[in-house]
Amino acid sequence: MAVERQREYETVYILRPGVSPEDVTKTRERVEGVIENTGGHMLRFDDWGLRRLAYEVRDRTDASYHERGHYQYYRFLAPATTVAEIERNLRILDPVLKFLTVKLQEDLIPEERLARGVEEEVHDVLMGEEE
């Protein structure tokens with residue numbers, strides 16, 4: 001029997017600075033729901049909170065500009081099709097200003113990756129920067 005292989009990704013999205021706590025929760029639940037429904041596995045979630053943006057971002061709904069945004073970070077394992085579904089959802093959610101997904105590794109066996117600890121995860125990222 002073939003083992004299903006997945007890829008490891010990280011996604012960061014930025015919400016409008018005045019977003020309500022309910023919208024923050026709704027967006028988070030939507031992204032996590034997509035990951036789980038497509039057979040993916042959450043590795044890490046961080047709410048980085050309200051931060052200054054590197055440059056002003058134009059809001060697509062009312063043409064205003066924002067200097068700050070509410071950042072949220074995900075690290076997850078998932079099949080390749082999951083990213084397209086996450087990004088489709090982020091495009092249609094009004095509170096979302098920007099988002100970016102980066103593939104970190106591919107061809108991973110989920111059980112093996114889930115068994116690794118946080119220290120190894122940090123070590124892998126640091127070793128990848130030296131290459």
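The shown structure was predicted, so the numbers you read here are calculated from the model rather than taken from an experiment.
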* To do: Report the distance from atom CD of E36 to atom CZ of F76, rounding to the nearest 0.5 Å.
  => 12.0 Å
* Would you mind reporting whether V31 and N89 have side-chain heavy atoms less than 4.5 Å apart? => no
* To do: Output every pair passing salt bridge (Lys or Arg N to Asp or Glu O under 4.0 Å) with a member in residues 61-74, not counting sequence neighbours, ordered by first then second residue.
  => R52-E67
* Asked: Who pairs with D46 by salt bridge (Lys or Arg N to Asp or Glu O under 4.0 Å), at least two apart in sequence or on another chain?
  -> R44
* Asked: Just by distance, do the side chain of E4 and the backbone of P110 share a donor-acceptor pair under 3.5 Å?
  -> no
* salt bridge (Lys or Arg N to Asp or Glu O under 4.0 Å) partners of R91, counting only residues at least two apart -> none
* To do: Output all residues satisfying side-chain hydrogen bond (donor to acceptor under 3.5 Å, both in side chains) with R28, sequence neighbours left out; order by chain, then residue number.
  => E32
* Asked: Which heavy-atom pair separates A63 from R58 by the least distance, and what is that distance?
  -> CB-NH2, 3.5 Å
Tabulate below the donor-acceptor pairs under 3.5 Å that side-chain atoms of residues 95-103 make, not counting sequence neighbours, or state none.
unit_1: T101; atom_1: OG1; unit_2: T11; atom_2: OG1; d: 2.9
unit_1: T101; atom_1: OG1; unit_2: E87; atom_2: OE2; d: 3.1
unit_1: K103; atom_1: NZ; unit_2: E106; atom_2: OE1; d: 2.6

* **Single-linkage hydrophobic cluster L108~I35, side-chain heavy atoms < 4.5 angstrom** => no
* V57, L93: one ILVMFWY side-chain cluster at the under-4.5 Å cut-off? -> no
* To do: State plainly whether one hydrophobic cluster holds both I86 and V24, where clusters connect Ile, Leu, Val, Met, Phe, Trp and Tyr through side-chain heavy atoms under 4.5 angstrom apart.
  => yes
* **Under the salt bridge (Lys or Arg N to Asp or Glu O under 4.0 Å) test, residues paired with E29 that sit two or more places apart** => none
* Asked: Partners of R7 by side-chain hydrogen bond (donor to acceptor under 3.5 Å, both in side chains), sequence neighbours excluded?
  -> none
* Kindly indicate, with the supporting measurements, whether the criterion side-chain contact (heavy atoms from CB on, under 4.5 Å) is fulfilled by I109 and R5. => CA-CA 5 Å; I109 298 171; R5 304 229 176 216; 3.3 Å; yes
* Structure fact -> The complete set of ring pair (Phe, Tyr, Trp, His ring centres under 6.0 Å) pairs with one or both residues in residues 13-44, sequence neighbours excluded, reads Y13-Y74
* Yes or no on side-chain contact (heavy atoms from CB on, under 4.5 Å) for L43 and L114, after CA distance, side-chain angles and deciding distance? -> CA-CA 7 Å; L43 297 175; L114 292 170; 3.4 Å; yes
* Under the side-chain contact (heavy atoms from CB on, under 4.5 Å) rule, what do I14 and L53 come out as? Steps first, then yes or no, please. => CA-CA 9 Å; I14 306 169; L53 300 169; 3.8 Å; yes
* Roughly how far, to the nearest 0.5 Å, is the OH atom of Y71 from the CG atom of L50? -> 9.5 Å
* Can you hop from V12 to F45 via hydrophobic side chains spaced under 4.5 Å? -> no
* **Contacts of S20 that satisfy side chain to side chain contact (heavy atoms under 4.5 Å, CB included) - sequence neighbours left out** => E22, D23
* To do: Measure the OH-CZ distance between Y9 and R75 for me, rounded to the nearest 0.5 Å.
  => 13.5 Å
* Contacts of A84 that satisfy side chain to side chain contact (heavy atoms under 4.5 Å, CB included) - sequence neighbours left out -> none
* Compare all side-chain heavy atoms of H70 with those of T27 and state whether any distance is below 4.5 angstrom. => no
* Structure fact -> Residues passing the salt bridge (Lys or Arg N to Asp or Glu O under 4.0 Å) test with R88, sequence neighbours excluded, are E85
